[in-house]
Amino acid sequence: MSQRSPSLRVLAGPLLLVGLAFPALPLEAAQAQAVQVQAQARPAVTVAAASGRAEVQDAAGRWVPLGQTRVVGTTLRTGAGRVTLQNGAGQITLGSASRLRVYDQEPDLQEGQFFFAGSGSFYALGWHLNVQGGQVRADLLPGSPRPRVAVIAGRVRLSSGSRTVQLGAGEQLSLRSGPPAAFTETDPWYRAQFVGPGAATIEALRGAVEYRSGEKVRGATMGQVLGTGDRVSTGSGAWAEIGFSGGGYLRLTEQSELGVLAVDKTARGREVTLRLLRGSAWSVVQKGQGGYRITTPVVSTAVRGTTFRVDAAGLVKVFEGQVELPSEPGVRLEQGQEKPAGGVVRPLIPDALDEFNLALDRERAAPLAPQLTLPGAPARPWAQQTPDLRVTAPQGSEVEARLNGQTVRLGEIGAGVFTLPVSLPALPDGRYDVTLSVRRSGQLWQRRFPLVLDRAAPVLDGVQRRTLGRLLLLSGEVRDGPASADSRLQLRIEGAGTPQMRTLRPGPFRVLLPAPTVPGELRLSVRDAAGNESHVALP
């Protein structure tokens, strides 16, 4: 980061004098010495309190965990956590996913969320701020179109180059453009005690959804926990629902990308900070769940309970509650209003994407009630070695079957229709204890049932016919696989007049029939409960 004014003011004298080959003039020497004494007199930046994850850079530029108490002389960054630094008579608190460096023994805020209380000075994006007995917040979220400084109490003097601005309580200034504007505090994240890291979890998805963590990119899965800095992106026709600790969720629609900056648990609820890089996001945030912020390249939003849509191109639509726009001071959208980028607030007009999200919201709110179709006649499924187990559930669900300790995920072959994958290795014949689980949007539905896999046809062995006067005696043995060892078998006899049906159990059998009036061939067929069948002809 370039520090134009501070560099000239503090560093020009000492550095230029060191480089000269001849003695400095007395006046110049006195000025240089005065600057050095002033710098040495400034108190060091020290850690007053820390919780969660924080790191500092060592002399070799490596990131190392922050100690219990230490002087911060380089760069400090937070993951999920809070760090409060003492600088003279002032304290500055860093929120999660924030970063600052120490420049000229003063904090230099680079990105994230910060809160200053007391008296002192610091830098922020090329501005130098001097605070006397005040309270100031700095919102420098990555990707925010208008990073700002806002004064909660006291007065602040800001200077950058030749420009100087004085701000009082209830005023804010965009650090990139624009005059001072009114400010009203609506999301005091710094007042809530940090309890621990929260979680952002993928609760439902459909289509091609990618998960990126650092340099690693892979397909997203249900239950995937997203950490600070992770991203999720959706392809054509795809979407993903992300749930947060304490409740609430976001639906990332097709051709969109979202970055998770922070999800914190606090004594007052949870604080969610997100960055929408492209596409559209639909958010449902209930009251009392805590703070919730989304920044885009065009607009930033802050809510504490509402249902709204925000597009990376700057469109904001409010379907329930209220949405603040910190990037546009004084603008608040009420239920039934929308605002395009650069436009004015106007009545809300739902479009096809809104209807799509509203329909999925209704589906999400409804209790899970999947429909299960168990394997029937095994004509084609058995040839594929895969049971024809079908489940009808809401789109985007995760459906799993646990068969005797083996967990198999069912694939979605149609709109809400899930089956076992054809790539599943052939399961041996036998009886299986199956637990079917359907998960979606934090809901879990389970059903347990037995499943019998039987691909082997029963066998008729040693079959004989004897005529006993007017009776015909058929005897022999019928065998079947272990899966149907206790099942009943259907025997069909043709060629002795009207076809006869008998029910047999595996093992030896004897059947008496009326003797046929005309001698001829008998045809015996035996069929098991799975539909497997074999035949025998008796002359």
Side-chain angles (χ1 to χ4, degrees), residues 47-54 78-85 91-98 109 111-118 134-141 144 148-154 169-170 172 183-201 203 225-228 242-250 259-275 281 283-295 300-308 310 318 320-327 332-335 442:
V47 178
S51 57
R53 180 185 175 188
T78 58
R82 299 281 190 278
V83 174
T84 298
L85 302 177
Q91 287 190 336
I92 188 164
T93 299
L94 290 75
S96 291
S98 298
L109 317 186
E111 67 177 26
Q113 298 182 98
F114 305 87
F115 174 71
F116 183 91
Q135 295 182 356
V136 181
R137 62 178 290 168
D139 298 291
L140 315 178
L141 296 175
S144 175
R148 69 175 181 180
V149 167
V151 181
I152 300 165
Q172 62 180 321
F183 167 75
T184 302
E185 181 64 286
T186 57
D187 59 333
W189 58 270
Y190 47 86
R191 293 181 187 169
Q193 179 185 2
F194 178 80
V195 176
T201 307
E203 295 184 338
V225 177
L226 308 176
T228 299
I242 301 169
F244 304 100
S245 298
Y249 62 92
L250 173 144
V260 177
L261 298 182
V263 181
D264 298 340
K265 291 180 182 178
T266 73
R268 298 175 59 178
R270 54 100 179 94
E271 297 288 332
V272 178
T273 308
L274 308 168
R275 181 183 180 188
S283 299
V284 177
V285 186
Q286 297 176 4
K287 292 182 179 179
Q289 292 175 338
Y292 187 92
R293 290 169 291 276
I294 302 181
T295 65
S300 59
T301 65
V303 302
R304 301 191 77 87
T306 189
T307 299
F308 72 104
V310 59
V318 181
E320 182 180 334
Q322 299 175 339
V323 173
E324 298 278 351
L325 302 183
S327 56
R332 171 186 293 181
L333 297 183
E334 306 285 344
Q335 178 175 332

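- Under the ring pair (Phe, Tyr, Trp, His ring centres under 6.0 Å) criterion, Phe114 pairs with no residue, sequence neighbours left out.
- Without hydrogens or angle criteria, Arg148 side chain to Ser327 main chain gives no donor-acceptor distance under 3.5 Å.
- A pairwise comparison of heavy atoms in Ala200 and Ile242 identifies CB-CG2, 3.9 Å as the closest pair.
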Would you list the atom pairs, donor with acceptor, under 3.5 Å between side chains in residues 259-266 and any protein atom, with sequence neighbours excluded?
unit_1: Asp264; atom_1: OD1; unit_2: Ser96; atom_2: OG; d: 2.8
unit_1: Asp264; atom_1: OD2; unit_2: Arg82; atom_2: NH1; d: 2.8
unit_1: Asp264; atom_1: OD2; unit_2: Ser96; atom_2: OG; d: 2.7
unit_1: Thr266; atom_1: OG1; unit_2: Arg268; atom_2: N; d: 3.2
unit_1: Thr266; atom_1: OG1; unit_2: Gly269; atom_2: N; d: 3.3
unit_1: Thr266; atom_1: OG1; unit_2: Gly269; atom_2: O; d: 3.0

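- At least one side-chain heavy atom of Trp189 sits less than 4.5 Å from a side-chain heavy atom of Arg137.
- Atom-to-atom distance recorded for Ser300:OG and Asp139:CG is 8.0 Å, nearest 0.5 angstrom.
- Between Arg304 atom CZ and Thr186 atom OG1 the span is 8.0 Å, to the nearest 0.5 Å.
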Check against side chain to side chain contact (heavy atoms under 4.5 Å, CB included), Phe194 and Thr93:
CA-CA 12 Å; Phe194 178 80; Thr93 299; over 6 Å; no
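- With respect to Glu271 and Arg293, a salt bridge is recorded, a charged nitrogen being found less than 4.0 Å from a carboxylate O.
- From Leu250, atom CG reaches atom CD of Glu203 across 11.0 Å, with rounding to the nearest 0.5 Å.
- The minimum heavy-atom distance between Gln91 and Ala48, with the atom names listed, is NE2-CB, 3.8 Å.
- Rounding to the nearest 0.5 angstrom, the gap separating the CG atom in Leu140 from the CD atom in Glu111 is 9.0 Å.
- For the atom pair CG of Leu85 and CG of Leu94, the computed distance is 5.5 Å after rounding to the nearest 0.5 Å.
- Between the side chain of Thr78 and the backbone N or O of Ala97 there is at least one donor-acceptor pair closer than 3.5 Å.
- A pairwise comparison of heavy atoms in Ile92 and Phe116 identifies CB-CD1, 4.0 Å as the closest pair.
- Of the residues Thr301, Thr273, Val272, the one that meets the side-chain contact (heavy atoms from CB on, under 4.5 Å) test with Tyr292 is Val272.
- Contact of the Gln322 side chain with the Val303 side chain is not registered, since no non-hydrogen atoms from C-beta on lie closer than 4.5 Å.
- Closest non-hydrogen pair, Ile152 versus Ala169, comes out as O-CB, 3.7 Å.
- With values rounded to the nearest 0.5 angstrom, Thr307 atom OG1 is found 8.5 Å from Gln286 atom CD.
- Residue Val151 comes nearest to Phe183 through the heavy atom pair O-CD2, 3.8 Å, listed as atom of the first residue, atom of the second, then distance.
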